Each structure stands twice: as C-alpha cells, then as structure tokens.
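All remarks here apply to the structure that follows.
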Amino acid sequence: MNIFNNVNIPEVTDQQLSEIIAGRIISAQSVVIISHVNPDGDALGSSLALYHYLRKTGKSVSVVMPNQYPDFLKWLPGSDDIIIFDKKKSAATKALDEADLMFFLDFNTPGRVGKAEEIITGSQAFKIMIDHHPHPAEFADVIISDTLSSSTAELVFRFIESVGNPALVDNVSSTCIYAGMMSDTGSFNYNSSQPETYRVLAELLKSGIDKDYIYSMIYDNFTESRLRLLGYCLDRKMVVLPEFKTAYMSLSLEEKKRYNYIRGDSEGFVNYPLSVKGVIFVAFFMENDDHVKISFRSNGSFDTNAFAGNFDGGGHINASGGESKLSLQDTINKFVSLLPEYTLK
Ligand code: 5GP
Ligand code: MN
C-alpha cells in the first residue's frame with residue numbers, strides 16, 4: 001500500500017522515490033533515529049522497530065530521545081541502547097553530528113525534539129520524516145505523513161514494505177511495532193478504524209509476536225502506589241463541567257510526592273473522565289518543577305489539536321498536549337475561562 005502521501009521531493013513517482021530512499025539507506029554510513037520529547041509507546045516502539053530492522057541490514061544505527069522515557073517502556077527490546085539527549089549530551093551530539101541519514105519519527109515540527117532542535121535542523125544528513133500528526137512542517141528531505149494511520153509504528157512497517165525487505169522484520173521488530181500501535185490506539189479502541197491497520201497487525205502476528213504479553217508488559221506492570229494515585233485522582237480530583245461537556249483532573253508536586261510518583265505513572269489517567277456520560281472533552285494538568293504539562297483528549301469531532309494551541313501545544317484531533325508556565329491553579333483557571341469560546345457538542 002502506498003505510504004508516500006506527502007513528499008518533499010517534487011516530480012518523482014512513488015517508485016522513483018522508493019528507489020531514492022532505498023539507495024540512501026544502502027549508502028548511509030551512520031544512521032540516527034530521533035523522536036519527540038516525553039517519548040511515549042509509539043515514539044519508542046516505532047524508533048526501536050526501525051533500529052532493529054536497520055541493524056539487521058548491517059547498518060550502524062543510534063536511537064536518540066530528547067529526554068527519559070517512562071519506566072513502563074523499559075522492557076522494550078533495545079531500550080537500553082537509546083541515547084537520552086538530556087543525560088548524555090555529548091554522546092547524543094556526536095551521534096547526530098556523524099549521521100549521514102536521519103529519521104524523524106512520530107513528530108511533525110523540529111521544536112518537538114527539545115534541545116536537539118538546532119542540531120537536527122543544521123545537519124547536512126539526508127532526512128526522512130515518518131509521522132501521523134496533522135500539518136507536518138517541511139524540515140525533512142522526504143516527508144511521509146499519513147494522518148489516518150493509527151501510529152508511526154504502523155507507518156514504519158509500511159515504510160519497510162515499500163522501500164526495504166519486510167522479511168527482515170522479525171519477532172523483535174514486530175514486538176516494538178505492536179507496542180507502538182497498541183499505545184497510540186488505546187489497545188485498538190480509537191484511531192484504529194482503517195482496514196490497513198489490521199492488515200499490518202496480521203503480518204505482525206504471523207511473525208510470532210505474543211500480543212497478550214505485550215499488553216501485560218505495558219498495562220499490568222505498574223506500582224501499587226500508581227493504582228492508588230489513579231483512585232485518588234478519580235475520587236478527589238475529577239471536576240466535571242456538564243455545561244461544557246468537559247471534565248478535568250490535576251496533580252500538584254505535593255500530591256505526586258505523596259504517591260511516590262515516577263515518570264509515566266499518570267499515563268492514561270487523562271482518558272478516564274471521557275467515560276462519563278455526556279463528557280466529550282477532558283484535560284489533565286500535571287505540575288512539574290518549572291511548568292505545567294497538559295494532556296487533552298476528546299471523543300468525536302472536537303479538535304483538541306486546535307485547542308492545544310492556547311497552551312503552546314498540538315497533537316491530533318482527539319489527543320493533544322501542551323505546556324504552561326503559569327501556576328497550576330492559574331493554568332486551570334485559564335483553561336476553564338477558554339471553554340465558553342468553544343462549541344462543545
Ligand atoms: P500526551 O498528552 O500523551 O502527552 O500527548 C498526546 C499527543 O499530543 C501526542 O500525539 C503528542 O505527540 C502530542 N503532544 C503532546 N504534547 C505536545 C506539545 O507540547 N506540543 C505538540 N505539538 N504536541 C504535543
Ligand atoms: Mn504517535
């Protein structure tokens with residue numbers, strides 16, 4: 001199936017482009033795969049899948065993430081090899097400087113790589129973006145963007161089918177791809193209505209992945225205090241605003257400390273209030289040392305990507321994120337004051 005929906009090299013056929021990309025991969029001496037800040041299951045799954053595949057073709061490959069990924073993704077094969085830019089700046093910079101081929105996975109604008117932005121935009125490497133967020137910025141030589149795709153991980157599989165050798169996608173790469181697809185679709189409950197997604201899943205299952213194991217490693221692997229924190233949020237912190245069909249929850253630094261919060265513990269919390277009848281828009285505010293991180297989710301046609309623009313953020317129609325430098329309470333006040341401007345139906 002064609003994946004070249006939006007290509008930055010004019011006047012070439014898909015076949016020619018596929019050959020150009022295959023040629024670039026063959027001639028590359030040093031490949032870097034980089035994804036977005038606060039990497040999630042799709043960022044890690046898609047990057048590690050491509051990493052394992054390219055290594056099987058004999059390439060020298062590094063995976064760089066702007067900052068640390070959550071503990072619940074540590075089991076993903078290859079995650080120990082990832083160079084965290086925030087922690088190992090010189091190793092990450094060296095890998096990026098030496099790269100003659102770069103893959104940008106699961107993000108659509110260079111600002112999403114945090115402090116690595118200048119290095120990637122200034123690099124002379126051949127750059128390939130593979131992503132499913134709307135409105136990709138033109139900062140790569142080849143842009144492969146399919147906003148209907150469940151996940152970047154799915155696109156990586158289709159990319160390998162188009163330009164590479166899918167026979168080299170083994171159980172390890174397939175596990176990473178499945179983890180990415182599952183993460184970005186809430187276990188195939190949203191963003192997963194394209195038949196193509198299930199064709200890819202069938203191929204992954206044929207390579208022998210254990211899908212129940214992958215589910216369990218991601219969703220049944222948390223600490224006891226994390227589950228208690230969820231209970232606390234739902235019971236004590238959920239605010240429902242029926243007049244706006246909206247609900248939100250928040251966590252302060254003090255509350256995080258009280259529940260021994262570790263990175264990733266609040267993953268997925270934002271979704272819960274969407275199950276309240278009548279609620280179609282939800283937000284989750286989390287206080288960090290120097291900013292408030294916000295997650296937005298919606299059911300149906302309410303565009304969280306547009307709404308996230310009020311908080312320096314973006315994402316997809318039904319899932320977006322943003323940031324605020326205001327205090328936690330002022331951020332929430334700003335959020336509530338914006339709601340009347342939007343038609344939530
Ligand atoms: P989450 O709420 O899980 O952090 O993010 C949900 C979606 O929004 C993901 O697709 C993520 O890539 C995107 N996203 C999260 N935070 C930001 C942000 O600050 N800026 C932009 N442009 N996208 C974000
Ligand atoms: Mn994604």
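Predicted model, so just to flag it, every value in this text is computed and none were measured. Just so you know, ligand 1 is whichever comes first in the structure, and atom 1 is the first atom listed for that ligand.
A distance limit of 4.0 angstrom between heavy atoms and ligand 1 selects the residues R112, H133, K293, S295, R297, G313, G314, G315, H316, A319, S320, G321, G322.
Placement of L54 and L204 within a single hydrophobic cluster is found when ILVMFWY residues are connected by side-chain heavy-atom separations under 4.5 Å, directly or transitively.
Atom OD1 is the N, O or S atom of D106 at the shortest distance from the Mn ion (ligand 2). Taking the N/O/S atoms of D42 in turn, the shortest distance to the Mn ion (ligand 2) belongs to OD2. Looking only at N/O/S atoms, D184 comes nearest to the Mn ion (ligand 2) through OD2. Nearest N/O/S atom of H132 relative to the Mn ion (ligand 2): this is NE2.
Rounding to the nearest 0.5 angstrom, the gap separating the NZ atom in K293 from the CD atom in E323 is 7.5 Å. L148 contributes atom CG, which lies 10.0 Å from atom CD of E154 (distance to the nearest 0.5 angstrom).
Counting only distance, with no hydrogens or angles, the side chain of D184 and the backbone of M181 share no donor-acceptor pair below 3.5 Å. Here the side chain of T304 pairs a donor or acceptor atom with the backbone of H316 at under 3.5 angstrom. Panel note: side chain S79, backbone W75; no donor-acceptor pair is recorded below 3.5 Å.
No cation-pi contact links R297 to Y272, judged by a cut-off of 6.0 Å to the six-membered ring centre and 45° from its axis. Because its NZ or CZ atom is not both nearer than 6.0 Å to the ring centre of F302 and within 45° of the ring axis, K245 does not count as a cation-pi partner of that residue.
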